[in-house]
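First comes the structure, then the notes that go with it.
All values derive from a computational prediction rather than experimental measurement.
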Amino acid sequence: MDRTEVGALVQSAVDGDAAAWKALVEGMSPLVWSVVRAHRLSEADGHEVYQTVWFRFAQHLGRIREPDKAGAWLASTARNECLKVLKAMARLTLTDDPRVLDRASDERTPEESLIASEEAADRAERLRRLWQELDGLGERCRQLLRVLVSSPPPSYVEVSAALGIAVGSIGPLRQRCLRRLRARMDARGAA
């Protein structure tokens, strides 16, 4: 079909001429199919793109400013639709391996991101309260617990040398200090 003929058929189709629409579809379908085939889509995806192109053309039929360039519009739309399908396919993993299908996605969903941020905020608040209550303990307990939570954890011999506490007293003192810390946190509802 030449451009003049296409332009006349588009104008007639805009005016409601069903025969003109049919002639457009029959005359321009090879162009649309050539673009679809060039993108090597599956048969089902190719038919989907073909239908989508003609649907979009029908939607925009009255707004096409240069009816004689309808072929270029159809080719461009077919190309864009093919690229959308290819982009969507790139996100898919085609496999028969059930281990791949059972694998969790590396990307978080918005819900998972929200839950993770709420959990992180909750953890940060608990740690802030823990350190606040730890500061309220006596100097000896505060020093011992801070040394024991250091990384890497020191041996009891190193703790004994640093704080001047007998090695055999470190465990029982640690337990008493932790009980006091727990009691302080429970009293403030910070556990």
### Query
Is the closest basic N to carboxylate O distance between R129 and E125 below 4.0 Å?
yes
### Euclidean distance, L41 CG relative to E48 CD, rounded to 0.5 Å
11.0 Å
### Task
State the SG-CZ distance between C177 and R182, to the nearest 0.5 angstrom.
15.0 Å
#### Entry: Single-linkage hydrophobic cluster L137~I170, side-chain heavy atoms < 4.5 angstrom
no
Can you give each donor-acceptor pair under 3.5 Å made by side-chain atoms of residues 9-22, sequence neighbours left out, with the distance rounded to 0.1 Å?
from : atom 1 : to  : atom 2 : distance (Å)
S12  : OG     : A8  : O      : 3.1
D17  : OD1    : A19 : N      : 3.0
D17  : OD1    : A20 : N      : 3.4

### Query
If only atom types and distance count, is the side chain of S76 paired as donor or acceptor with the main-chain N or O of A72 below 3.5 Å?
no
### Summary
When every non-hydrogen atom of Y156 is compared with those of L148, the smallest separation belongs to CE1-CD2, 4.2 Å
## Note on the structure
Of all heavy-atom pairs linking P154 and S150, the shortest is CD-OG, 3.4 Å
### Distance-only side-chain donor-acceptor flag, Q132 / R128, under 3.5 Å
yes
### Message
Can you confirm whether E43 is buried at CD, in the sense that more than 12 heavy atoms of other residues, nucleotides or ligands lie under 6.0 Å from that atom?
### Response
no
### Query
Same cluster or not: are L31 and L61 linked, directly or through other Ile, Leu, Val, Met, Phe, Trp or Tyr residues, by side-chain heavy atoms under 4.5 angstrom apart?
yes
### Query
So, the side chain of E158 versus the backbone of S155: is there a donor-acceptor pair under 3.5 Å, distance only?
yes
### Query
To the nearest 0.5 Å, how far apart are CD in E119 and CZ in R126?
9.0 Å
### Message
Under the ring-ring contact (aromatic ring centres under 6.0 Å, His included) test against Y50, which residue among W33, F55, F57 passes?
### Response
W33
### Query
If two hydrophobic side chains count as joined below 4.5 Å and joins carry through other members, does L86 share a cluster with V35?
no
### Task
Would you name the heavy atoms of R180 and C141 that are closest together and state the gap between them?
NH1-SG, 3.4 Å
### Query
How about R79: does its CZ atom have over 12 heavy atoms from other parts shown lying under 6.0 Å from it?
no
### Residues W73, M28; criterion side chain to side chain contact (heavy atoms under 4.5 Å, CB included); working and verdict
CA-CA 11 Å; W73 192 98; M28 301 303 283; over 6 Å; no
### Message
To check you understand the geometry: which heavy-atom pair defines the closest contact between I165 and S160, and what is its length?
### Response
O-OG, 2.6 Å
## Note on the structure
Between W131 and V149 the two heavy atoms that sit nearest each other are CH2-CG2, 4.3 Å
### Message
I'd like to know whether V6 forms a side chain to side chain contact (heavy atoms under 4.5 Å, CB included) with D68, so could you lay out the CA-CA distance, the side-chain angles of the two residues, the decisive distance to 0.1 Å, and finally the verdict.
### Response
CA-CA 5 Å; V6 170; D68 59 321; 5.9 Å; no
## Note on the structure
Distance col, row R179:CZ vs R174:CZ, nearest 0.5 angstrom, shows 10.5 Å
### Task
Measure the spacing between CG of L181 and CZ of R184 and express it to the nearest 0.5 Å.
8.0 Å
### Query
Will you find, in the side chains of S42 and D45, an N or O donor that is under 3.5 Å from an N or O acceptor?
yes
### Query
Do you know the tightest heavy-atom contact between L163 and L144?
CD1-CA, 3.7 Å
#### Entry: Spatial distance of atom CG (L145) from atom CZ (R140) [nearest 0.5 Å]
12.0 Å
### Task
Determine yes or no for a side-chain-to-main-chain donor-acceptor pair under 3.5 angstrom, with R63 supplying the side chain and Q59 the backbone.
yes
### Task
For T77 and L74, indicate whether the former's side chain and the latter's backbone hold a donor-acceptor pair under 3.5 Å.
no
### Message
Among residues at least two apart in sequence or on other chains, which ones pass disulfide (SG to SG under 2.5 Å) with C82?
### Response
none
